[in-house]
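Data block below; observations after.
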Amino acid sequence: MTPNQLSLGLALPTSWAREDFLEVPGNAAALNAIDRGIQTALVLYGPAGCGKTHLAQIWAVQAQARIIVPADLTPAAVDALAQQPLALDDADAGVDPVALFHLVNLMRERGHALLLTGSTPPALWPYTLPDLMSRLKAMPAERISEPDDALLSAVLVKLFADRQLQVGEEVVKYIAARIERSCHAARLMVAALDAASLAENRAVTVALARRLLEQAD
């Protein structure tokens, strides 16, 4: 099961607001870097669902930046894109390397901040253009890690508490052992349980969690 499967199956909206970003030790440095503001460039990297896109959305609001995806970045589009602060999500996946090289240079020349996100450190990105890789490796980078079992359980407890839901320890352990190990997946699961418990006027139990997880598969 993935967070996207759960989200689609239960039609849960996604909020990118700063107050909805759950700060944990594994993302605190990245969040602090976003809150401080990006002076020139920054790379955020980590596994799927760890919060990179959410942080990019937070920064975009703060900096009045535009967010693009790899398909948006073509050689012909570089000049128009480099007119304001910019975030490129999934910058390590299918990006035109020549276009990215020119974008990095042009953003720096024009004094616009650039945020890149990826799954791995820039040194491992699959680009063979030496000048591009040199520039990527020189950028400040912050890693976002997956929560471990104890932290994921603590995240779930906090999310339930934020919604004023009283949930037994057995429910938390059951969910933590079965959802994707990410804060995003935890947030989606808690929201789904909250909605289901309200709709059915019942407590949040292992049985309810089991049913929602089975529906999401």
Side-chain angles (χ1 to χ4, degrees), residues 3-4 13-146 182-184 187:
N4 284 337
T14 299
S15 171
W16 301 118
R18 171 64 174 80
E19 58 269 22
D20 289 327
F21 186 85
L22 184 65
E23 181 178 358
V24 295
N27 63 34
L31 178 60
N32 185 48
I34 292 297
D35 282 342
R36 289 198 311 267
I38 301 172
Q39 299 304 311
T40 54
L42 176 67
V43 178
L44 298 179
Y45 67 93
C50 71
K52 302 184 297 292
T53 298
H54 196 157
L55 286 174
Q57 294 281 352
I58 292 171
W59 176 71
V61 172
Q62 295 172 348
Q64 297 184 323
R66 178 179 175 183
I67 297 179
I68 63 172
V69 295
D72 298 320
L73 184 58
T74 64
V78 170
D79 184 69
L81 290 172
Q83 300 290 337
Q84 64 185 101
L86 195 68
L88 173 58
D89 212 7
D90 295 326
D92 60 342
V95 176
D96 183 314
V98 174
L100 181 56
F101 173 69
H102 289 309
L103 179 70
V104 170
N105 288 339
L106 201 53
M107 293 290 285
R108 182 167 186 142
E109 290 173 9
R110 294 178 177 175
H112 296 313
L114 176 64
L115 173 63
L116 305 176
T117 75
S119 298
T120 60
L124 300 179
W125 289 7
Y127 303 122
T128 57
L129 194 63
D131 288 341
L132 171 60
M133 291 304 298
S134 175
R135 283 159 176 74
L136 292 175
K137 292 176 184 177
M139 290 182 180
E142 294 289 350
R143 178 178 180 267
I144 306 175
S145 60
E146 292 179 324
S182 74
C183 294
H184 182 57
R187 187 178 295 108

Handout entry: Closest non-hydrogen atom pair between M133 and Y127, with its separation
Key = CG-O, 3.2 Å
Practice task
Give, for atom CH2 of W59 and atom CG of L86, the distance between the pair rounded to the nearest 0.5 Å.
Solution key: 7.0 Å
Completion exercise
Which of T40, V43, L115 passes side-chain contact (heavy atoms from CB on, under 4.5 Å) with M139? It is V43
Exercise for the section: Quick one: closest heavy-atom pair of L88 and L100, and the distance? Expected result: CD2-CD1, 3.9 Å
Handout entry: Exercise: identify the closest heavy-atom pair between Y45 and A141
Key = CE2-CB, 4.0 Å
Handout entry: side-chain hydrogen bond (donor to acceptor under 3.5 Å, both in side chains) involving D92 - partner list, sequence neighbours excluded
Key = none
Handout entry: Q64 atom CD, over 12 foreign heavy atoms within 6.0 Å
Key = no
Exercise for the section: Assess whether atom CZ of R135 is packed by more than 12 heavy atoms of other residues, nucleotides or ligands within 6.0 Å. Expected result: yes
Practice task
Could you grab the distance from atom CZ of R108 to atom CG of L114, nearest 0.5 Å is fine?
Solution key: 11.5 Å
Practice task
Compare every heavy atom of T74 with every heavy atom of A99, then report the nearest pair and how far apart it is.
Solution key: CB-C, 3.7 Å
Exercise for the section: Please confirm whether the backbone N or O of H102 pairs with a side-chain atom of N105, one donor and one acceptor, at under 3.5 Å? Expected result: no
Handout entry: Inter-residue atom distance L106.CG - L81.CG, 0.5 Å rounding
Key = 10.0 Å
